[in-house]
Engineer: 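Please read through the structure below; I'll follow up with questions.
Only a predicted model underlies this, so the values are computations on that prediction, with no experimental measurement involved.
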Amino acid sequence: MSSETNFETYLLINKKKFILCVIHNTSFETIYSDEMLLSHDSEFMFKKLNEFLEKNIFKVEKILKNFVKNIDIILDNEEFFSVKMSIKENNNGKYIDSKNLLHPLNNLKNSCQSNFNDKKIIHMLIENYLIDDKNYFSLPNNLKCDFFSLDVNFICLSNNFVGDLELILKRYHILVNQILSASYVEKFIDEFNQNIFVTASRIKSGWNENEVSLVRKSYKNKGFFEKFFDFFN
């Protein structure tokens, strides 16, 4: 019997097709893959998705000799909603490090949730650090500053859409582990990393140091904001 920790199951959803892909979580070898093409005028995405899962889930479980308990969804859909927010903090000439970011990031997250309570935050991305009027793409080391500000992009989905996805998967006793924006994942695909599922796995492992992880997981490579799990949850 395969250990659940040895594989990751992904479901890619867009207007043209569904793809179910299972990869080994260290070698990234494809264990199983199947897809369903959709007609451009299909108005029954969730009905088709249920048919696709009914066809494939038991096949996967037979190959793995284990139950699929969690799925990561890579979604390419216009349902995504972007919210950009900024916050400025007085650092009193002290060194700036990840601990200084805990409070302002949590304030921004809470503000986004309270103002858009019908949305679920999918990705929380720090797009810019403004430190004493100088811009940084990533947090610098060993730097003192008087003031800093953070520009954060929240990529969100409607709670209703997420709920519909969760409801379909519950029929197969599967939980949605994490939803990822396909357009966000694709930004990290290059000539060395062309597989969207492998790229998604690496992003989940903290590949982008400017993403604040909102899902509690056991990471293979600890991301910059891994320590934020307990604080945010």
Side-chain angles (χ1 to χ4, degrees), residues 1-38 49 52-77 80 121-126 137-138 153 155 157 162 165-166 168-169 172-229:
M1 180 175 289
S2 299
S3 169
E4 189 185 8
T5 59
N6 290 337
F7 63 88
E8 296 176 352
T9 306
Y10 289 90
L11 174 64
L12 185 145
I13 299 174
N14 62 35
K15 288 184 176 180
K16 296 181 179 180
K17 60 187 175 183
F18 303 135
I19 300 177
L20 185 69
C21 185
V22 183
I23 63 173
H24 194 279
N25 67 356
T26 54
S27 68
F28 300 120
E29 175 188 359
T30 299
I31 300 171
Y32 181 89
S33 182
D34 193 25
E35 68 177 62
M36 172 189 281
L37 298 179
L38 304 173
L49 179 58
F52 178 67
L53 293 173
E54 185 174 6
K55 173 188 172 185
N56 283 281
I57 291 299
F58 298 114
K59 288 183 181 179
V60 171
E61 292 179 336
K62 185 176 181 180
I63 291 171
L64 296 175
K65 298 180 181 179
N66 206 338
F67 294 114
V68 175
K69 298 179 181 178
N70 301 279
I71 277 184
D72 294 290
I73 296 175
I74 303 173
L75 181 65
D76 182 5
N77 194 286
F80 282 108
I121 298 173
I122 303 302
H123 298 288
M124 182 176 176
L125 309 170
I126 301 176
F137 176 72
S138 59
N153 182 18
I155 301 175
L157 274 176
V162 174
L165 287 174
E166 292 175 337
I168 288 177
L169 288 164
Y172 303 92
H173 308 287
I174 297 172
L175 298 177
V176 176
N177 182 51
Q178 189 170 350
I179 299 175
L180 300 99
S181 161
S183 60
Y184 167 59
V185 174
E186 287 167 354
K187 290 178 181 178
F188 293 87
I189 293 177
D190 56 30
E191 59 181 316
F192 302 106
N193 304 283
Q194 297 183 348
N195 186 309
I196 192 170
F197 304 107
V198 173
T199 304
S201 179
R202 288 171 171 162
I203 287 174
K204 286 170 52 192
S205 298
W207 210 12
N208 181 8
E209 65 177 16
N210 287 333
E211 177 168 10
V212 181
S213 298
L214 304 173
V215 178
R216 184 188 302 275
K217 286 188 67 65
S218 176
Y219 279 87
K220 292 168 281 184
N221 300 307
K222 292 185 178 180
F224 183 77
F225 292 110
E226 182 180 6
K227 65 181 66 178
F228 288 5
F229 292 151

Engineer: Please name all residues satisfying side chain to side chain donor-acceptor pair (under 3.5 Å) with Asp76, sequence neighbours left out, ordered by chain then number.
Structural biologist: none

Engineer: One pair to check against side chain to side chain contact (heavy atoms under 4.5 Å, CB included): Tyr32 and Leu64. What are the steps and the verdict?
Structural biologist: CA-CA 9 Å; Tyr32 181 89; Leu64 296 175; over 6 Å; no

Engineer: Side chains of Ile122 and Leu75: closer than 4.5 Å at any heavy-atom pair?
Structural biologist: no

Engineer: Can you tell me how far the CG atom of Asn56 sits from the CD1 atom of Ile63, to the nearest 0.5 Å?
Structural biologist: 9.0 Å

Engineer: Any side-chain heavy-atom pair from Glu186 and Ile196 closer than 4.5 angstrom?
Structural biologist: yes

Engineer: Can you tell me how far apart CE (Met124) and CD (Glu211) are? Round to the nearest 0.5 Å.
Structural biologist: 10.0 Å

Engineer: Can you list the residues that meet the salt bridge (Lys or Arg N to Asp or Glu O under 4.0 Å) rule with Lys55, with sequence neighbours excluded?
Structural biologist: Asp34

Engineer: Any side-chain heavy atom of Asn195 sitting closer than 4.5 Å to one from Ile23?
Structural biologist: no

Engineer: Going through the checks in order, is the side chain to side chain contact (heavy atoms under 4.5 Å, CB included) test met by Leu12 and Phe18?
Structural biologist: CA-CA 6 Å; Leu12 185 145; Phe18 303 135; over 6 Å; no

Engineer: Indicate the atoms forming the closest heavy-atom contact of Phe67 with Phe7, along with that distance.
Structural biologist: O-CZ, 4.2 Å

Engineer: Hey, which of Asn77, Ile179, Leu165 is the one that makes side-chain contact (heavy atoms from CB on, under 4.5 Å) with Ile13?
Structural biologist: Leu165

Engineer: Can you tell me how far the CZ atom of Phe80 sits from the NE2 atom of His123, to the nearest 0.5 Å?
Structural biologist: 6.0 Å

Engineer: Which heavy atom in Ser33 sits nearest to a heavy atom in Ile19, and how many Å separate them?
Structural biologist: OG-CG2, 4.1 Å

Engineer: Return the NZ to CD1 distance between Lys69 and Ile174, rounded to the nearest 0.5 Å.
Structural biologist: 11.5 Å

Engineer: Check whether any side-chain heavy atom of Asn6 lies under 4.5 Å from a side-chain heavy atom of His24, and answer yes or no.
Structural biologist: yes

Engineer: Between Asn210 (side chain) and Phe137 (backbone), is there a donor-acceptor pair under 3.5 Å?
Structural biologist: yes

Engineer: Which heavy-atom pair separates Thr30 from Cys21 by the least distance, and what is that distance?
Structural biologist: CG2-SG, 4.1 Å

Engineer: Indicate yes or no for a side-chain donor-acceptor contact from Gln178 to the backbone of Asp72 under 3.5 Å, with no hydrogens or angles considered.
Structural biologist: no

Engineer: Heavy atoms only: give me the nearest Leu180-Ala200 pair and the separation to one decimal.
Structural biologist: CD2-O, 4.2 Å

Engineer: Got a second to check how far Ile189's CD1 is from Arg202's CZ, nearest 0.5 Å?
Structural biologist: 11.0 Å

Engineer: So do Leu20 and Ile71 actually touch side chain to side chain, heavy atoms under 4.5 Å?
Structural biologist: yes

Engineer: Assess the residue pair Ile73 and Leu169 against the criterion (side chain to side chain contact (heavy atoms under 4.5 Å, CB included)); give the C-alpha distance rounded to whole Å, side-chain angles, the decisive distance to 0.1 Å, and a yes or no.
Structural biologist: CA-CA 11 Å; Ile73 296 175; Leu169 288 164; 3.9 Å; yes

Engineer: For the atom pair CG (Leu125) and OH (Tyr184), what is the distance rounded to the nearest 0.5 Å?
Structural biologist: 5.0 Å

Engineer: Are any side-chain N or O atoms of Ser205 and backbone N or O atoms of Ser201, one a donor and one an acceptor, separated by less than 3.5 Å?
Structural biologist: yes

Engineer: Would a 4.5 Å heavy-atom cut-off, applied to side chains only, mark Tyr172 and Val68 as touching?
Structural biologist: no

Engineer: Tell me, please, which residues at least two apart from Ser183 pass side chain to side chain donor-acceptor pair (under 3.5 Å).
Structural biologist: Ser181

Engineer: Please evaluate residues Phe188 and Asn208 with respect to the criterion side chain to side chain contact (heavy atoms under 4.5 Å, CB included), reporting the C-alpha separation (whole Å), side-chain torsions for both, the decisive distance (0.1 Å), and the verdict.
Structural biologist: CA-CA 9 Å; Phe188 293 87; Asn208 181 8; 3.6 Å; yes

